[in-house]
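Presented below is the structure to which this report refers.
Naming convention: chains lettered A, B, ... in sequence-line order (proteins, then strands); numbering from 1 in each chain. From a predicted model like this one, the values you see are computed outputs, not experimental measurements.
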Number of protein chains: 2
Amino acid sequence: MATLYDVCKKTGLSTATVSRVINGSDKVRETTRQRVQRAMKELNYRPNQAARMLAGKKTDTIGVIFPEINNGFYAQVLRGIDDATRESGLHLLTSFYHSPNELKGALQRLAAGGRTDALVLMNIGLSDQQIQSQIDDDFPIVLIGHSAETSTAFDVVGIDNAKGAYHAVRHLFELNRENLILLTGPADNFDSTQRLEGARMAFSDAGKDFSTVTLLEDDFTYEGGKRAMETFLSGKKPLLDAVFAFNDPMALGVLDALQEAGYSVPEDVAVIGFDDNEIARHIGMTTVHVPMRDVGYEAATLAIRRKDENTRHPSTITIATSLVKRRTTGET
Amino acid sequence: MATLYDVCKKTGLSTATVSRVINGSDKVRETTRQRVQRAMKELNYRPNQAARMLAGKKTDTIGVIFPEINNGFYAQVLRGIDDATRESGLHLLTSFYHSPNELKGALQRLAAGGRTDALVLMNIGLSDQQIQSQIDDDFPIVLIGHSAETSTAFDVVGIDNAKGAYHAVRHLFELNRENLILLTGPADNFDSTQRLEGARMAFSDAGKDFSTVTLLEDDFTYEGGKRAMETFLSGKKPLLDAVFAFNDPMALGVLDALQEAGYSVPEDVAVIGFDDNEIARHIGMTTVHVPMRDVGYEAATLAIRRKDENTRHPSTITIATSLVKRRTTGET
DNA sequence: TTGTAAGCGTTATCAC
DNA sequence: GTGATAACGCTTACAA
């Protein structure tokens with residue numbers, strides 16, 4: 001592999017000058033620049049990244065830490081992050097974890113030792129404190145889907161849960177559905193809480209009594225959604241003409257439970273989910289679309305900016321959501 | 001950030017000795033080792049990776065290049081690669097591309113400049129020659145899903161297309177289906193060709209005449225599958241009791257076309273796909289399962305081994321596939 | 001078992 | 001505009 005020094009020898013210039021043209025400095029005579037570039041091409045010279053990092057104290061890479069990446073949902077986020085980093089000519093160091101311990105290990109390996117310039121953390125269940133304790137104090141970090149609306153220490157990118165839920169409920173009202181079931185996630189889940197709040201607002205804006213709704217709670221899984229619905233339907237005189245499940249897997253469970261119980265969708269019961277995942281799209285389920293690619297893109301952009309000018313206060317970006325009307329609420 | 005030198009000062013030892021304990025050499029007295037480790041802990045010392053790379057000429061990172069990562073399918077592969085690299089204490093540098101040009105750029109950025117020790121390339125449509133021209137001659141590369149069974153230059157990890165198709169067809173025979181439709185991918189597609197060969201073998205092993213099958217061809221998409229099926233069904237006297245589509249998206253298209261035409265599955269027509277993607281699992285479609293995580297894991301393992309001992313001939317690993325029987329072939 | 005010292009390939013600060 | 005030269009933080013012969 002050719003080195004900077006080889007280029008110097010070939011051109012008769014110093015390392016300083018050659019380095020300048022590599023880094024696009026304007027303090028180089030045009031003819032000199034061209035001479036250097038030709039030499040680099042002829043030698044097939046590629047700057048050694050390790051040396052650049054060591055001397056320049058920057059890695060030109062962003063680290064990403066994800067929980068397991070089984071579904072296409074996280075893949076979308078990763079895609080957005082990749083788009084942003086590539087546009088800036090940066091690299092992406094990824095790491096997945098399956099346990100809290102692995103997460104801490106990943107944090108240290110990526111943040112310490114100068115392997116990355118900034119970190120994007122997806123959906124991690126760690127407090128600001130816990131994160132801080134693992135890493136250097138002013139290391140740039142961006143959180144996606146933090147468990148609180150904002151963080152006093154880090155940038156946060158989240159989605160507009162409330163607005164999504166608001167529009168979902170309003171759509172149900174427009175369809176003249178009166179007996180709504182809200183199937184929420186775990187009570188201590190931040191997203192679920194926000195979605196519930198959005199739903200409540202839709203009720204009050206419509207002048208309806210929120211206490212008329214049936215609130216069901218489960219664990220955000222297909223099985224949970226199905227189980228919750230079955231239990232409800234097997235009760236005495238179940239009254240319903242619409243279900244709004246707070247994520248798509250639960251909504252799919254609801255759909256199957258409904259079908260097995262002989263209800264038809266959307267005639268008897270309208271169903272709305274939240275996420276807009278691959279299956280929802282395929283079967284034509286009305287749901288709240290969450291633009292995961294955009295979430296990733298914004299998070300990475302934030303990380304990149306902060307690595308360059310780590311001065312400003314932590315900011316929070318909320319990505320808009322939108323209702324996608326499909327078959328399960330009567331759209332054709 | 002504390003440096004090696006700080007640890008030396010604190011312990012009164014030389015850089016050589018401290019470096020030895022960092023790298024787990026056994027040529028260090030046990031008491032010394034402990035002294036060093038305590039000092040490192042107290043100083044919260046983390047080796048600077050750039051310096052290690054520069055001095056040691058290895059990066060401890062594997063590079064991965066993927067085509068777009070929209071679906072959960074590639075995500076599985078990535079997951080497998082991550083598992084393997086993490087087990088070996090290595091890092092993962094990922095890069096996605098959306099055009100051939102981006103691919104070449106990615107190849108150079110990851111392989112040149114000593115950013116990675118080895119590369120895993122997923123499903124790239126480049127010839128050995130084209131790859132070689134972009135990178136250093138003996139840079140370790142592992143190909144996943146190469147367009148030919150083997151490569152003379154690189155390691156290849158592929159899936160057992162033929163066996164998967166073989167079992168799919170045999171299953172149809174067991175169900176006494178006689179009028180099979182095979183919906184293949186593009187004729188020049190390697191996977192499709194292999195699957196077709198497997199199907200043909202099932203016919204000859206069963207003593208059946210392969211020329212009795214109806215061969216349809218399309219482009220591996222949902223729309224393509226649906227269109228192909230609709231065209232066939234609208235022909236005069238369509239005769240069929242089973243369809244084997246060579247991937248899941250097309251099979252899903254077939255299913256919808258069948259339904260719209262009033263056929264019932266599996267009573268009138270049995271349907272089998274290939275891939276076992278998320279949607280296939282959800283709707284209960286019989287299909288050939290492709291263990292993508294394993295594919296990724298094996299590929300990464302190969303890459304890791306080759307970076308350490310780049311001597312042996314390129315090898316080819318074929319990952320087994322298996323038929324998953326579900327509702328669309330009458331399984332309950 | 002431990003220490004000395006020469007790189008590794010850049011960047012960046014001064015001079016000129 | 002260009003050139004010396006000192007870092008950057010580590011690994012690794014080679015000596016001791």
Check: Are A:Asp308 and A:Arg306 close enough for a salt bridge, meaning some N to O gap below 4.0 Å?
Finding: no

Next item on the list: Would you mind telling me which of C:dT10, D:dC10, D:dA4 lies closest to the side-chain atoms of B:Ala55?
Entry: D:dC10

Check: Going by distance alone, is a donor N or O of one side chain under 3.5 Å from an acceptor N or O of the other, for B:Thr59 and B:Asp117?
Finding: yes

Margin query: From C-beta outward on B:Asn48, which listed nucleotide comes closest to its side chain: D:dG9, C:dT10, D:dT11?
Written below: D:dG9

Next item on the list: Report the distance from atom CE of B:Met53 to atom C1' of C:dC8, rounded to the nearest whole Å.
Entry: 13 Å

Check: Quick one: which of D:dG3, C:dT2, C:dT10 gets closest to the side chain of B:Lys27?
Finding: C:dT2

Item checked: Exam field: side chain A:Asp136 to backbone A:Phe139, donor-acceptor pair closer than 3.5 Å -> no

Notebook entry, point to check: Quick one: is A:Arg29 getting a side-chain N or O under 4.0 Å of the D:dG1 phosphate, OP1 or OP2?
Noted result: no

Note to self: Rounded to whole Å, how long is the line connecting atom OH of A:Tyr5 with atom P of C:dT11?
What the structure shows: 17 Å

Note to self: Tell me whether A:Asp83 is salt-bridged to A:Arg79, with the criterion being a basic N under 4.0 Å from an acidic carboxylate O.
What the structure shows: yes

Next item on the list: Have a look at B:Thr3 and say if it touches a base, only the backbone sugar-phosphate, or nothing, with a 4.0 Å heavy-atom cut-off.
Entry: sugar-phosphate

Notebook entry, point to check: Atom CG of B:Leu54 to atom C1' of C:dA6: distance rounded to whole Å?
Noted result: 13 Å

Notebook entry, point to check: Between atom CG in A:Leu4 and atom P in D:dT5, what is the gap in whole Å?
Noted result: 17 Å

Notebook entry, point to check: If you look at every strand shown and take non-hydrogen atoms under 4.0 Å, does B:Gly12 touch a base, only sugar-phosphate, or nothing?
Noted result: sugar-phosphate

Notebook entry, point to check: B:Pro47 has a side chain; which of D:dA4, C:dT11, D:dC10 sits nearest to it?
Noted result: D:dC10

Next item on the list: Provide, to the nearest angstrom, the distance between the CG atom belonging to B:Asp6 and the P atom belonging to D:dC8.
Entry: 11 Å

Next item on the list: Using whole Å, report how far CE of A:Met1 lies from P of C:dG9.
Entry: 11 Å

Notebook entry, point to check: Does B:Ser19 put a side-chain nitrogen or oxygen below 4.0 Å from OP1 or OP2 of D:dT11?
Noted result: yes

Checklist line | Distance below 4.0 Å between B:Arg52 side-chain N/O and D:dT11 OP1 or OP2 | finding: yes

Check: Start at the 5' end of DNA chain C and walk down; is the nucleotide closest to A:Asn23 or to B:Ala51 reached first?
Finding: B:Ala51

Next item on the list: May I have the distance from B:Arg20 (atom CZ) to D:dT11 (atom P), rounded to whole angstrom?
Entry: 11 Å

Item checked: Side-chain N,O (A:Lys57) to OP1/OP2 (D:dG9) below 4.0 Å -> yes

Checklist line | Spacing between B:Gln49 atom CD and D:dC8 atom C1', to the nearest angstrom | finding: 15 Å

Item checked: Whichever of A:Thr15 and B:Arg33 has its nearest DNA chain C nucleotide further upstream toward 5' -> B:Arg33

Margin query: Check this one for me: any side-chain N or O of B:Ser14 less than 4.0 Å away from OP1 or OP2 of C:dT4?
Written below: no

Margin query: Closest approach to the side chain of A:Ala16, judged atom by atom: which nucleotide of C:dT11, C:dT13, C:dG3 is it?
Written below: C:dT13

Notebook entry, point to check: Side chains of B:Glu30 and B:Gln34: is there a donor and an acceptor less than 3.5 Å apart?
Noted result: yes

Notebook entry, point to check: Closest heavy-atom contact between A:Ser95 and A:Leu110?
Noted result: CB-CD1, 4.1 Å

